Each structure stands twice: as structure tokens, then as C-alpha cells.
Amino acid sequence: MAGTFQVLWGAEDGSLKKAEELQGTDGEPLILPAGEGGGAVTGKICTRPTAVDLNGDGHLDIVSGNFRGTFFVFEGQGAGKFAPDATQLLAAGKPIQVDAHSDPFFVDWDADGDMDLVTGSMSKVQLSINDGSATEPVFSKLKTLVEATPGSTELVFGEKGYEGPRSGLRVWVEDVNGDGRLDILMGDSVGLDYPADGMDEEKSLEQHAKWSERQKALSDEQAKLRESNASEDDMDASYEAMGELYQERNKFLKTVSTGSVWVAYQKAPAGA
């Protein structure tokens, strides 16, 4: 269960050619490594690839997020070629990791001439400052810039309660209002819930409360499996059980999946 990286090469007339699979210098498709321990499958599923010259050698590298929440780098060799084996982004000697669905975006956040990492995730936007240089990056531990709306796992009947970014945050950094400070654009994912046919809101809430207890128990079980480095078969069985549980949810709730774009404006420093 893994995805490949695709590229649409630009043509001289400004059009795009048919998508092609990116390959390493060994002629094989670029594939994210599984990583170690439980949940290895989720490490191979790309959530966002971004092209950036991370080591300042003049060649674009590919930094990819994944479902698991870590970051891997395929070093660029120039002319659209990449090293076949990815290396992991580290901070203080340990993999940089968000809660899930890492979403790398690189920008010179602190204006010191090198690339810093801003990332979305399921529940936060976080920042890792590059304490190294433009040619030898050294990333710091993540700190939180924006948190998803509190209660983002609770029901949202219609749009009631949908007053801020909820989950699955995807980021872009830009000076949106032209005040000289970088702001954060966020796309999110939300399910707007409505009572299933034949049910009112009160009955749906009652059913959902019982269902939520089962869902939490299964989520806790999955967390223990990951911590114990469970086998892929055990993890897959747990994911299948979760899928079946969400099918049951359809009996008392119907959900419309949607999302919005939000902006967090950076404030001026105190005394500025």
C-alpha cells in the first residue's frame, strides 16, 4: 500500500506533458520507506510532496509527508533525477513527527536566510526553525503556531460549531495582507453531520454517544498496537474494524464532507 510520485514536465509552448512516474537514479520508482514499528504501512502513503533545495546545492530535493506524520527527503541530483533512498528529517537526533498527515512547507520564517519547516497535520500547524544554515540545515523541535478548533472531533450539525479550522490541516505561508509579516493559510476537512432519515437530532446524539465509546476504545487499542510495534497484519485488522464501525455510524448520522480555507494573521511583536 504505497503511492508513487508523478511529474507533469513542462513543454516549450507552456503546456504540460502527460504525467510520468518519478524514478530514482537506479531506474526504480521513488517510494517512501515504511519506517520502523507498528503502522509501517501508513509511513509509505504520501500526503504532500514539496520541492525545495534543502541543502543549497542548486538541485531541488523532494520532501514528503506521509499518513504516519513523519518527513522523508529524496535528495536531488539535478536534471530531474533523485537519489533512490530517502532520508528522514530529524530534530535533536529524533524523527520530526506530527500527530498524523505531515504536510511540509518550507519558508524563511525567521528571515535569517535559510529554509524553516512549517507543517500542517490532523490537528495543528507547527513550526521547526532551521538553526543551521542554507547548506547544512539543523531543525529544532516543533512548536505549535495554530491549533484546530477545540472539540474538532465532536459533531457539527449543519454548520453549528464550525467556527474555525477543524482537522486535516493543509498549509501555505504568505504575507496575505501585505503588512510585512508572514501569515498562514489553512485548508481543512470537516464532516457536517445531519440526523439520518427517520431520526431527529436528539436521537442521533444518543446513538452517537454510545458509538463514540466504542470508537474511543478501538482508537486506544490502535495506539497500543503502534506503541508495541505490532505486525502489519494486526494493524490492518484494526483498521478494518474501524472501517466497519464507521459504516455503522451511517445508521444514525449522515455526513457531508467539505472544508474551508482559513487564515491566521501574524501579529506584530510586543512593542513593535
Side-chain angles (χ1 to χ4, degrees), residues 1-3 37-48 65-70 97-103 119-126 144 146-171 186-262:
M1 189 174 180
V41 170
T42 59
K44 299 171 72 173
I45 307 172
C46 171
T47 48
R48 177 182 187 168
N66 56 35
F67 274 28
R68 193 175 188 182
T70 53
Q97 182 157 12
V98 300
D99 54 8
H101 291 212
S102 39
D103 179 50
T119 177
S121 69
M122 286 303 293
S123 62
K124 299 175 183 178
V125 176
Q126 294 173 285
T144 299
V146 180
E147 294 224 30
T149 305
S152 61
T153 58
E154 297 174 1
L155 290 181
V156 182
F157 277 110
E159 293 190 8
K160 291 189 293 184
Y162 189 28
E163 299 171 349
R166 300 288 286 193
S167 65
L169 304 184
R170 297 289 180 266
V171 299
M186 297 164 282
D188 72 347
S189 175
V190 65
L192 301 182
D193 298 307
Y194 301 87
D197 294 340
M199 280 198 171
D200 58 25
E201 191 169 308
E202 183 177 356
K203 289 181 179 178
S204 291
L205 283 171
E206 289 176 358
Q207 292 290 321
H208 185 262
K210 297 175 182 178
W211 178 89
S212 294
E213 292 180 1
R214 296 169 60 199
Q215 193 270 346
K216 183 180 184 306
L218 188 52
S219 293
D220 291 344
E221 177 187 311
Q222 287 183 350
K224 291 178 181 178
L225 287 172
R226 285 191 289 268
E227 291 173 1
S228 64
N229 293 332
S231 69
E232 287 192 28
D233 287 343
D234 287 342
M235 292 302 302
D236 288 344
S238 181
Y239 292 140
E240 185 175 348
M242 185 68 82
E244 292 173 354
L245 185 61
Y246 269 88
Q247 288 297 319
E248 291 184 30
R249 189 177 184 272
N250 297 331
K251 296 177 182 178
F252 56 87
L253 281 176
K254 58 182 180 182
T255 301
V256 177
S257 297
T258 185
S260 295
V261 178
W262 306 84

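Note that the coordinates shown come from a computational prediction; the quantities given were computed from them, not determined experimentally.
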Taking the side chain as every heavy atom from C-beta outward, state whether L253 and S204 have any pair of such atoms under 4.5 Å apart.
-> yes
Per side chain to side chain donor-acceptor pair (under 3.5 Å), S212 is matched among H208, Q215, R214 by H208
Report yes if the side chains of S219 and M242 come closer than 4.5 Å at any heavy-atom pair, otherwise no.
-> yes
Does the W211 side chain pair with the main chain of L245, one donor and one acceptor, at a distance under 3.5 Å?
-> yes
Minimum heavy-atom separation for T47 to N66, with atom names?
-> OG1-N, 3.1 Å
Does the side chain of V190 come within less than 4.5 Å of T258's, by heavy atoms?
-> yes
Nearest heavy-atom pair of K124 and T144: which atoms, and what distance?
-> CD-OG1, 3.7 Å
State whether the side chain of S121 and the backbone N or O of S102 hold a donor-acceptor pair below 3.5 Å, judged by distance alone.
-> no
Value for CG (L169) from OG1 (T119), rounded to nearest 0.5 Å, stands at 9.5 Å
Could you tell me which non-hydrogen atom of M122 sits nearest to which non-hydrogen atom of D99, and how far apart they are?
-> N-OD1, 3.2 Å
Taking all non-hydrogen atoms of both residues, which atom of L225 and which atom of S238 are closest, and how far apart?
-> CD1-CB, 3.8 Å
Interatomic spacing from CZ in R226 to CZ in R68 - rounded to 0.5 Å = 9.0 Å
Nearest heavy-atom approach of E163 to W262 is C-CH2, 3.6 Å
Student check: side-chain heavy atoms of R249 and D193 closer than 4.5 Å | yes
Would a 4.5 Å heavy-atom cut-off, applied to side chains only, mark R48 and V171 as touching?
-> yes
Within the side chain of S167, is there an N or O that forms a donor-acceptor pair under 3.5 Å with the backbone of S189?
-> yes
Is there a side-chain contact between Q207 and K251, using heavy atoms and a 4.5 Å cut-off?
-> no
Between F67 and H101, how do the two ring planes meet: parallel, tilted or perpendicular, split at 30° and 60°?
-> parallel
Salt bridge check: are D220 and K216 linked by an N-O gap of less than 4.0 Å?
-> yes
